[in-house]
Q: 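Mind having a look at this structure? Questions to follow.
Values in this document were obtained by computation on a predicted structure and should not be read as measured data. Every chain is numbered from 1, with letters handed out A, B, ... down the list of sequences.
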2 protein chains.
Amino acid sequence: MKALELQPNAILEQTAFKNSHLETAHLEPCESAHGAMCPAIQAIELLQEKWVLFIVRSLLEGAKGFNELRREVGGCNPSTLSERLDTLEKRGIITKTVCSTMPPRTSYQLTSAGVALQNVILEIDAWSRQHLKPAS
Amino acid sequence: MKALELQPNAILEQTAFKNSHLETAHLEPCESAHGAMCPAIQAIELLQEKWVLFIVRSLLEGAKGFNELRREVGGCNPSTLSERLDTLEKRGIITKTVCSTMPPRTSYQLTSAGVALQNVILEIDAWSRQHLKPAS
DNA sequence: AAAAGCAGTATACATTTCATAGCGATATTT
DNA sequence: AAATATCGCTATGAAATGTATACTGCTTTT
């Protein structure tokens with residue numbers, strides 16, 4: 001819903017370079033529409049949102065409630081967590097189950113698509129041990 | 001560290017609120033210091049920064065210059081790209097080679113640690129094809 | 001009887017990312 | 001020959017995103 005309908009190079013073209021038609025020439029299918037149709041780009045955009053990987057990692061241990069999750073991911077603030085959980089649900093990665101409304105009790109758990117993300121996380125984990133050097 | 005014993009089936013067995021007795025003060029080693037010592041957390045924090053995965057993905061195709069990279073990742077703004085490249089260099093993921101200062105010519109390329117991230121990206125890619133449903 | 005926990009929402013502030021202009025020198029286009 | 005585009009950034013201010021904190025009404029724990 002934002003300015004994402006712009007083509008990547010439109011940005012560069014807008015910046016005072018009106019005649020830069022040369023720049024626009026080479027665009028891979030994936031990049032051409034900001035990944036609107038490319039699953040890989042969509043996935044990166046999703047997983048790269050703050051807290052998302054931590055949320056998934058935490059839910060791999062089992063279903064959790066809102067505040068429980070909040071603590072275990074490392075202190076995400078409630079507005080952000082709420083928004084992230086919404087989009088994860090829309091994307092079919094988690095399901096939300098309202099066990100009781102008052103007092104409130106909710107449970108979030110991974111779908112099979114969500115569980116499948118374990119491979120990604122294990123890969124990150126393995127990489128981090130072998131190659132990541134600590135921040136200075 | 002604990003977060004690595006990920007058990008897919010645990011999900012099925014656990015109902016919500018399994019650890020409610022730990023509400024206030026339970027901090028695992030990993031979480032306790034914001035992941036200061038846990039490689040996995042550090043890695044997620046790094047890879048989750050905006051543009052980082054796109055940068056790595058793009059450099060897997062070969063070394064690139066600043067503006068070239070900027071275009072190919074999908075239009076990252078220069079200040080942000082500059083900052084990301086700095087941290088990626090500090091973390092040992094890319095190397096920066098200044099070929100000429102005036103006129104400027106620089107080349108960014110992955111280190112072996114950077115190339116090793118290909119596994120992560122391939123895993124995301126595979127996952128996205130099989131499980132990610134498009135944003136509504 | 002008091003305190004703390006549940007799942008969020010609302011508000012106001014802090015941080016991050018953004019678009020854009022600009023640099024001097026060459027390479028390309030007209 | 002002259003105008004323009006390009007290189008790799010940095011600087012600026014504005015927009016978008018993330019933050020801490022307070023709050024709700026009801027139950028469980030102390």
Q: Any base atoms under 4.0 Å from A:K96, or only sugar-phosphate, or nothing? Heavy atoms, all strands.
A: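 Sugar-phosphate, backbone atoms only, no base.
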Q: Heavy atoms within less than 4.0 Å of DNA chain C: which residues of residues 76-91 of chain A have one? Give them sorted by number.
A: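 A:P78, A:S79, A:S82 - these, ordered by number, are the residues of the stretch whose heavy atoms sit under 4.0 Å from the strand.
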Q: If you look at every heavy atom in A:A63 and A:S107, which pair is closest and at what distance?
A: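 Closest approach of A:A63 to A:S107, heavy atoms only: CB-OG, 3.6 Å.
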Q: Return the value, rounded to whole Å, for the distance between atom CD of B:E72 and atom C1' of D:dG8.
A: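 Distance check: B:E72 CD to D:dG8 C1' gives 16 Å.
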Q: Expressed as a whole number of angstroms, how long is the span from B:E49:CD to D:dT17:P?
A: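 Distance, rounded to whole Å: 17 Å.
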Q: Whole-Å distance between C:dT16 P and A:Q48 CD?
A: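 Result: 14 Å.
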Q: Filter on side-chain hydrogen bond (donor to acceptor under 3.5 Å, both in side chains), then keep only pairs touching residues 86-99 of chain A, sequence neighbours left out; what's left?
A: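 Applying side-chain hydrogen bond (donor to acceptor under 3.5 Å, both in side chains) to every pair that reaches into residues 86-99 of chain A, excluding sequence neighbours, yields A:Q42-A:R91.
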Q: Do the non-hydrogen side-chain atoms of B:L53 and B:R57 ever get within less than 4.5 Å of each other?
A: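 They are not in contact (no side-chain heavy atoms under 4.5 Å apart), so the answer is no.
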Q: Where is the tightest heavy-atom contact between B:W127 and A:I93, given as atom of each residue plus distance?
A: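 Closest approach of B:W127 to A:I93: CH2-CD1, 3.8 Å.
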Q: Whole-Å distance between C:dT15 P and A:K50 NZ?
A: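 For the pair A:K50 NZ and C:dT15 P, the rounded distance is 11 Å.
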Q: Using a 4.0 Å heavy-atom cut-off to protein, can you give one letter per nucleotide of nucleotides 24-30 of chain D, 5' to 3': B if the base is in contact, S if only the sugar-phosphate is, - if neither?
A: -BBS---
Q: Would you kindly give the CZ-to-C1' distance between B:F66 and D:dC9, to the nearest whole Å?
A: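 Between C1' of D:dC9 and CZ of B:F66: 6 Å.
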Q: B:W51 has an atom CH2; how far is it from atom C1' of C:dC18, in whole Å?
A: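 The answer, rounded to whole Å, is 10 Å.
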Q: Could you check whether B:K64 and B:S58, counting side-chain N and O atoms only, form a donor-acceptor pair closer than 3.5 Å?
A: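 Yes, B:K64 and B:S58 have a side-chain donor paired with an acceptor closer than 3.5 Å.
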Q: Keeping A:W51 on the side-chain end and A:G75 on the backbone end, is there a donor-acceptor pair under 3.5 Å?
A: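 Judged by distance alone, no pair lies under 3.5 Å.
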Q: Distance check needed: D:dC7 C1' versus B:L69 CG, whole Å only.
A: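 Going from B:L69 (CG) to D:dC7 (C1'), I get 14 Å.
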Q: Determine the minimum heavy-atom distance between A:I124 and B:A43, stating which atoms define it.
A: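 Taking every non-hydrogen atom into account, CG2-CB, 3.7 Å.
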Q: Shortest non-hydrogen contact from B:R84 to B:E49?
A: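 Smallest interatomic distance, heavy atoms only, reads NE-OE1, 3.9 Å.
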Q: Give the rounded distance in Å between these two atoms: CZ of B:R70 and P of C:dA19.
A: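 My rounded result for the distance is 8 Å.
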